[in-house]
Amino acid sequence: QGQLVESGGGSVQPGGSLRLSCAASLVPYSRRCMGWFRQAPGKEREQIASVFTNGGGTYYADSVKGRFTISPDNAKNIVYLQMNSLIPEDTAIYYCAASIVTYGINYCRNRDDYRYWGQGTQVTVSS
């Protein structure tokens, strides 16, 4: 059965950086939407970044634009999320997800299309 495994979470001070990794195993990866979502306590899960693998194109939520970078390693079926200039509001559980959409980046915004999910990794930003 396919799975996504996140790693790289942890605790960091404001202004710091972390890099999350999402390894896809037996999950459709090529020419798919791969996304990062996060859920803070008491809040809904929000999509913060997506990439269309092997086809190009990225999406970022306004809350992370300019600070986070999503990048795929298509040879290894891994998607990274580089997070810089972290702020306390970035504290959340971060989830990787794979979509069933194969059309392109413009179709990577529908959360219902993301059918494969990782277990999540905690990111805490605090001084």
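Here the straight-line distance linking atom CD1 of Ile78 with atom CG of Leu4 works out to 11.5 Å at 0.5 Å rounding. Rounding to the nearest 0.5 Å places CD of Gln47 at 8.5 Å from SG of Cys33. One distance of note links CE of Met83 with CG of Leu18; it measures 4.5 Å at 0.5 Å rounding. We find the CG-CG distance between Asp90 and Asn84 to be 10.5 Å, quoted to the nearest 0.5 Å. A distance of 9.0 Å separates CG in Asn110 from CD1 in Ile100, rounded to the nearest 0.5 Å. The line from CG of Asp73 to OG of Ser21 is 10.0 Å long, rounded to the nearest 0.5 Å.
Residues Pro28 and Ala98 come closest through the heavy atom pair O-CB, 4.4 Å. Shortest non-hydrogen contact noted between Tyr60 and Ala49 is CD2-CB, 3.9 Å. Of all heavy-atom pairs spanning Cys22 and Met34, the tightest one is SG-CE, 4.4 Å. Summarising the geometry of Ile105 relative to Thr58, their closest heavy-atom pair is CG1-N, 3.7 Å, with the distance given to 0.1 Å. In this structure, Gly104 and Cys108 approach most closely via the heavy-atom pair O-SG, 3.5 Å.
Side-chain contact between Gln119 and Glu6 is present, with at least one heavy-atom pair separated by less than 4.5 Å. Counting heavy atoms from C-beta outward, Trp36 and Cys96 have side chains that approach closer than 4.5 Å. Within the 4.5 Å cutoff, no side-chain heavy atoms of Leu86 are placed close to those of Thr91. Contact of the Ile93 side chain with the Thr121 side chain is not registered, since no non-hydrogen atoms from C-beta on lie closer than 4.5 Å. The shortest side-chain heavy-atom distance between Arg45 and Arg38 does not fall under the 4.5 Å cut-off. No side-chain heavy atom of Ile87 sits less than 4.5 Å from a side-chain heavy atom of Pro14. Taking the side chain as every heavy atom from C-beta outward, Gln82 and Ser17 approach each other to under 4.5 Å. Taking the side chain as every heavy atom from C-beta outward, Ser99 and Arg32 never approach each other to under 4.5 Å.
Hydrophobic clustering, with ILVMFWY side chains joined whenever heavy atoms are under 4.5 angstrom apart, groups Val64 together with Val79. Under the 4.5 Å side-chain heavy-atom criterion for ILVMFWY residues, no single connected hydrophobic cluster contains both Phe68 and Phe52.
Listed by chain and number, the residues in a ring pair (Phe, Tyr, Trp, His ring centres under 6.0 Å) with Phe37 are Tyr114, Trp117 (sequence neighbours excluded). With sequence neighbours excluded, no residue forms a ring pair (Phe, Tyr, Trp, His ring centres under 6.0 Å) with Tyr29.
No donor-acceptor distance shorter than 3.5 angstrom exists from the side chain of Gln13 to the backbone of Ser127, with no hydrogens or angles considered. Proximity of a side-chain donor or acceptor of Glu89 to a complementary backbone N or O of Val125 within less than 3.5 Å is not detected. With Thr53 contributing its side chain and Arg31 its backbone, the two residues share a donor-acceptor pair below 3.5 Å.
Applying the ring pair (Phe, Tyr, Trp, His ring centres under 6.0 Å) test to pairs two or more places apart or on separate chains, those with a residue in residues 78-113 are Tyr103-Tyr107.
Side chain to side chain, Asn54 and Ser30 meet the donor-acceptor criterion of an N or O pair below 3.5 Å.
A side-chain contact (heavy atoms from CB on, under 4.5 Å) with Val51 is found for exactly one of Thr69, Leu81, Ile70, namely Ile70.
By the 6.0 Å and 45° rule, Arg109 stacks over the aromatic ring of Tyr59.
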